[in-house]
Amino acid sequence: TLSLNQEEEFHRPWALTALGALRARQDRHREAGRLLETAAHEAQQIEDLHAEAYALHPLAVSQVALGELEAARHAALRA
């Protein structure tokens, strides 16, 4: 079960990013932002820089759509 937990931990940020990006395409930017923030945080926790960057780009796009320009700039710079 340890390896299954580790595998789940690795895939979770990617799954959250996919779901967040889908919500953004549905113009559900608040929900997308929550999912993508979580994805970026979890990727950071497991030191997966690629997954973190992959989550931060659509996060920035959703933040722009919400008018949160400073937050979007910060997310884009982190990516």
Side-chain angles (χ1 to χ4, degrees):
T1 54
L2 179 60
S3 64
L4 181 59
N5 287 340
Q6 289 171 331
E7 186 174 321
E8 181 180 317
E9 184 178 280
F10 174 79
H11 291 289
R12 185 168 162 78
W14 293 99
L16 289 169
T17 297
L19 184 56
L22 174 64
R23 293 296 182 255
R25 284 191 296 278
Q26 295 170 331
D27 290 326
R28 295 165 63 178
H29 294 288
R30 289 252 179 257
E31 185 179 356
R34 286 191 298 273
L35 290 163
L36 294 162
E37 282 280 0
T38 301
H41 176 75
E42 290 189 13
Q44 190 177 43
Q45 295 297 315
I46 62 169
E47 300 178 4
D48 187 339
L49 298 177
H50 187 73
E52 182 181 7
Y54 195 76
L56 289 170
H57 179 263
L59 173 61
V61 172
S62 282
Q63 289 169 327
V64 167
L66 292 168
E68 299 171 355
L69 302 182
E70 187 57 34
R73 185 176 88 69
H74 180 69
L77 290 173
R78 286 174 50 206

With ILVMFWY side chains joined below 4.5 Å, transitively, what does L77's cluster contain besides itself?
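ILVMFWY cluster around L77 holds nothing else.
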
Share the residues that join L69 in a hydrophobic cluster, the rule being Ile, Leu, Val, Met, Phe, Trp or Tyr side chains under 4.5 Å apart at the heavy-atom level.
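Taking Ile, Leu, Val, Met, Phe, Trp and Tyr as members, L69 shares its hydrophobic cluster with V64.
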
If you measure from CD on Q63 to CD on E68, what distance do you get to the nearest 0.5 Å?
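So the CD of Q63 and the CD of E68 are separated by 5.5 Å.
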
In this structure, are over 12 heavy atoms from other groups packed under 6.0 Å from E47 atom CD?
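No, not enclosed.
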
Pairwise salt bridge (Lys or Arg N to Asp or Glu O under 4.0 Å) hits with a residue in residues 32-44, at least two apart:
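Pairs touching residues 32-44 that pass the test: R12-E42.
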
Can you name the nearest heavy-atom pair linking [X] to [Y], along with the distance?
{"X": "L16", "Y": "T38", "value": "CD1-CG2, 3.6 Å"}
{"X": "D48", "Y": "W14", "value": "OD2-NE1, 3.5 Å"}
{"X": "A75", "Y": "L59", "value": "CB-CD2, 4.1 Å"}

Excluding sequence neighbours, so at least two apart, what forms side chain to side chain contact (heavy atoms under 4.5 Å, CB included) with Q45?
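Per chain and number, Q45 pairs via side chain to side chain contact (heavy atoms under 4.5 Å, CB included) with H41.
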
Hey, can you pull the donor-acceptor pairs under 3.5 Å for the side chains in residues 49-57, sequence neighbours left out?
none

What residues, two or more places apart in sequence or in another chain, satisfy side-chain hydrogen bond (donor to acceptor under 3.5 Å, both in side chains) together with S62?
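Here the qualifying residues are H29.
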
